[in-house]
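First up is the structure itself, then whatever we jot down about it.
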Amino acid sequence: IELLVVMAILALLVSIAVPRYFGALEKSKETALRQTLVTTRDAIDKFYGDTGKYPDDLNALVSNRYLRGLPFDPITDSDKTWTIVPPADPDKGGVYDIHSGAEGQGRDGTLFRQW
């Protein structure tokens with residue numbers, strides 16, 4: 001009987017802790033995505049300020065040392081799923097902005113593709 005009581009208490013504690021863990025994990029991924037977008041957009045703006053045009057692709061930011069590596073999307077676990085937004089004038093380069101290519105929406109209800 002004592003073993004059953006201990007097992008019931010453990011099951012109760014686990015049932016409380018697991019949902020909080022997964023919620024915190026999703027929140028941390030969203031925070032990391034937002035910070036990655038801020039950093040990458042800042043690098044794009046600096047590239048434009050220095051050269052007078054936008055980079056042709058994200059690799060140009062890495063090769064010119066504006067970023068140490070390609071940005072990583074924590075939601076899709078990839079650096080290849082970014083949605084590239086070109087500038088209005090195609091002669092100005094190829095990457096005006098980036099958005100996440102992840103499906104779904106964040107905790108605030110906005111789509112990841114709109115971030």
Side-chain angles (χ1 to χ4, degrees):
I1 293 182
E2 289 177 14
L3 185 60
L4 288 174
V5 170
V6 169
M7 295 298 283
I9 292 172
L10 285 175
L12 177 66
L13 291 175
V14 167
S15 68
I16 293 172
V18 169
R20 288 182 184 214
Y21 169 75
F22 286 116
L25 184 63
E26 290 301 316
K27 184 178 178 183
S28 67
K29 284 183 177 184
E30 289 180 18
T31 303
L33 174 61
R34 288 186 191 272
Q35 185 60 42
T36 299
L37 288 170
V38 166
T39 302
T40 305
R41 288 172 177 158
D42 183 51
I44 292 169
D45 291 340
K46 287 179 181 177
F47 186 95
Y48 181 79
D50 291 345
T51 64
K53 68 179 204 116
Y54 294 102
D56 293 326
D57 57 13
L58 293 177
N59 290 321
L61 295 174
V62 176
S63 63
N64 290 316
R65 297 184 182 197
Y66 287 90
L67 295 174
R68 290 187 180 196
L70 287 175
F72 185 78
D73 188 340
I75 305 295
T76 62
D77 289 328
S78 175
D79 61 356
K80 309 231 183 297
T81 57
W82 296 110
T83 303
I84 304 296
V85 178
D89 182 5
D91 294 334
K92 292 261 186 187
V95 181
Y96 172 74
D97 196 8
I98 65 168
H99 297 285
S100 175
E103 297 291 331
Q105 59 187 1
R107 296 165 60 100
D108 62 354
T110 59
L111 297 174
F112 290 126
R113 293 178 185 261
Q114 294 177 347
W115 289 6

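- The closest side-chain heavy-atom distance from L12 to S15 is below 4.5 Å.
- Atoms OG1 and CZ, from T31 and R107 in turn, are 8.5 Å apart once rounded to the nearest 0.5 Å.
- Shortest non-hydrogen contact noted between D97 and I44 is CA-CD1, 4.5 Å.
- Judged by distance alone, with hydrogens and angles left aside, the side-chain atoms of D89 form a donor-acceptor pair with the main-chain N or O of D91 at under 3.5 Å.
- Minimum interatomic distance between G94 and P87 (heavy atoms only, all atoms of both residues): C-CD, 3.9 Å.
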Exercise for the section: Test side-chain contact (heavy atoms from CB on, under 4.5 Å) on T36 and F72 and set out the steps. Expected result: CA-CA 7 Å; T36 299; F72 185 78; 5.9 Å; no
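- Atom-to-atom distance recorded for R113:CZ and I75:CD1 is 12.5 Å, nearest 0.5 angstrom.
- Here the NZ-CG distance, from K80 to D73, works out to 12.5 Å after rounding to the nearest 0.5 Å.
- A salt bridge links D42 with K46: at least one charged nitrogen is closer than 4.0 Å to a carboxylate oxygen.
- For K92, the NZ atom sits in a loose shell: 12 or fewer heavy atoms of surrounding residues, nucleotides or ligands are nearer than 6.0 Å.
- A heavy-atom distance below 4.5 Å is found between the side chains of L37 and W82.
- Minimum interatomic distance between S100 and F112 (heavy atoms only, all atoms of both residues): CB-O, 3.6 Å.
- For the atom pair CG (N59) and CG (L70), the distance works out to 5.0 Å, reported to the nearest 0.5 Å.
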Practice task
Could you walk me through whether D50 and Y66 pass side-chain contact (heavy atoms from CB on, under 4.5 Å), step by step?
Solution key: CA-CA 11 Å; D50 291 345; Y66 287 90; 2.6 Å; yes
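- With values rounded to the nearest 0.5 angstrom, S63 atom OG is found 7.5 Å from D57 atom CG.
- Note that the NE2 atom of H99 and the CZ atom of R41 stand 5.5 Å from one another [nearest 0.5 Å].
- Ring geometry for Y96 against Y54 counts as perpendicular: the plane angle is over 60°, on a 0 to 90° scale with 30° as the lower cut.
- Y21 and I16 are members of different hydrophobic clusters when ILVMFWY side chains are connected at heavy-atom separations under 4.5 Å.
- In the hydrophobic cluster analysis, where Ile, Leu, Val, Met, Phe, Trp and Tyr join through side-chain heavy atoms closer than 4.5 angstrom, W115 is grouped apart from L111.
- When every heavy atom of P71 is checked against every heavy atom of L67, the shortest pair comes out as CD-CD1, 4.1 Å.
- Within the 4.5 Å cutoff, the side chain of I84 has heavy atoms near those of the L58 side chain.
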